[in-house]
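Before any comments, here is the structure.
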Amino acid sequence: MLLLNIAQLHMAVAPSTSRLSGPAMKAAPVLTDVWMSTAADGTIEAIGPMSSLDPAMLARHEVVDARGGYVVPAFCDSHTHIVYAGTRDGEFLDKINGLSYEEIARRGGGILNSADRLHDTPEDELFRQSVERAREMMAKGTGAMEIKSGYGLTVADELKMLRVAARIREAVPARVRITFLGAHAVGRAYVGRQSEYVDMLIADMLPAVAAEGLADYVDVFCDEGFFTVDETDRILTAAARYGMLPKIHANELACSGGVQVGCRHNALSVDHLERMGDEEIEVLRHGSTVATMLPGASFFLGMPYAPARRAVDAGLTVALASDYNPGSSPSGDMRMVWALGCIKMKLTPEEALAACTVNGAAAMGLGDVAGALAPGRDASFVITRPVPSLAFIPYAYTTPWISDVYVRGRKVS
Ligand code: NIG
Ligand code: FE
């Protein structure tokens, strides 16, 4: 395919770029008045100025006219929980009536509520509901996504979830990375016996997940009221033996020590970070762990927003992701995440775009192939209607400016 008349093409990075940190986040190259061609294998073939378009190109490709729209990379949503059964709109009412996320969890709602529903839902039905969410995300511009387990909480149900995630990976053109999150909550049968649950996770769940090769990464909800730093350390140490790098939930509810333990284990990312002091920023400055922030959860739960501005100013690699899940962020809309990054976290439109694309890719180990526009990388991109500026996109955050979405060369919307 040959895409003509692109007014601006964003995130046209150099071939060696696999992430953007600190000041580089607002400085990714922008090309004006260009064409872009894609190859049959779903990658970008070439990009060049309209003024020097070789007419022979027109004959060799299916031609699409961008009509003066912008092209940005498809979003890379590095933190989702889209495999779940049913919804939790009952708890939505509890929240409206004033209960906090922790109070709902303590009453047996929250994650355990989703685990009960998942247990009662056959695998095919779980797949049907979940793949629909992946398709919805792609239609809204997402070209790569991470999917976590963590609503199973027994060996059988964690495997069921991970198999469904693997089926989604086969069913959609988007790149999918899968994370084992057995330590999302203590399963019902182990309530009050958290350390025995962790023992079981290490002895039974991890080997079973590894034997089927179902997970790329491992996650732990390391936070007040959930798993401790010591338990996290044990789980990450055990997972490393199966080659699973960590991507962990940290510092959503308290300064939990999650950032430190994650960085100690060379986590690909530490995620949430609503509670973050200078010490956490300092630790992140000295490693390559991506600081992933989830403004949709802050929006939905009325929590503070993670300090993205401070983190970028400190030179960190900041990613933004949706956290799409039934309890704290029932939306996988990355353009909303982009807008929240600007409106609530005070990132510039360019910084927030880098956070939603190449840095999200880096947080999934895909920084070399996804999240930016350059020859050889994924032909995953969003074409906009003509817009006055990049800033217009997160500014006019409900205007339907997306005209087409391509994921690895395939038109999905
Ligand atoms: O990322 N914080 C932990 N896990 C999810 C919420 C899961 C749920 O409530 O179902 C999150 O916010
Ligand atoms: Fe999450």
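Remember, it's 1-based here, ligands and their atoms both numbered in the order they're listed.
With respect to Arg275 and Asp223, no salt bridge is recorded, no charged nitrogen being found less than 4.0 Å from a carboxylate O. A salt bridge is absent between Glu170 and Arg167: the closest approach of a Lys/Arg side-chain nitrogen to an acidic carboxylate oxygen does not fall below 4.0 angstrom.
Around the Fe ion (ligand 2), protein N, O or S atoms at less than 2.8 Å number 4.
Protein residues having at least one heavy atom under 4.0 Å from any atom of ligand 1 are His79, His81, Arg88, Tyr101, Ile111, Tyr151, His184, Phe221, His249, Glu252, His272, Asp323, Asn325, Gly327, Ser328, listed by chain and number.
Using cut-offs of 30° and 60° for the angle between ring planes, the His81 and His249 rings count as tilted.
For the pair Arg133 and Tyr84, the cation-pi criterion (under 6.0 Å, within 45° of the ring axis) is fulfilled.
Proximity of Tyr190 to Leu201: side-chain heavy atoms (C-beta onward) are nowhere separated by under 4.5 Å. With contacts defined as side-chain heavy-atom distances shorter than 4.5 Å, the pair Tyr324/Glu136 qualifies.
Under the side chain to side chain contact (heavy atoms under 4.5 Å, CB included) criterion, Gln260 pairs with Arg264, Glu279, Glu280, Val283, sequence neighbours left out.
Val72 pairs with exactly one of Ile383, Val382, Ile402 by the side chain to side chain contact (heavy atoms under 4.5 Å, CB included) rule, that one being Val382.
Every pair passing ring pair (Phe, Tyr, Trp, His ring centres under 6.0 Å) that includes a residue from residues 356-381 is listed here, sequence neighbours excluded: Phe381-Tyr406.
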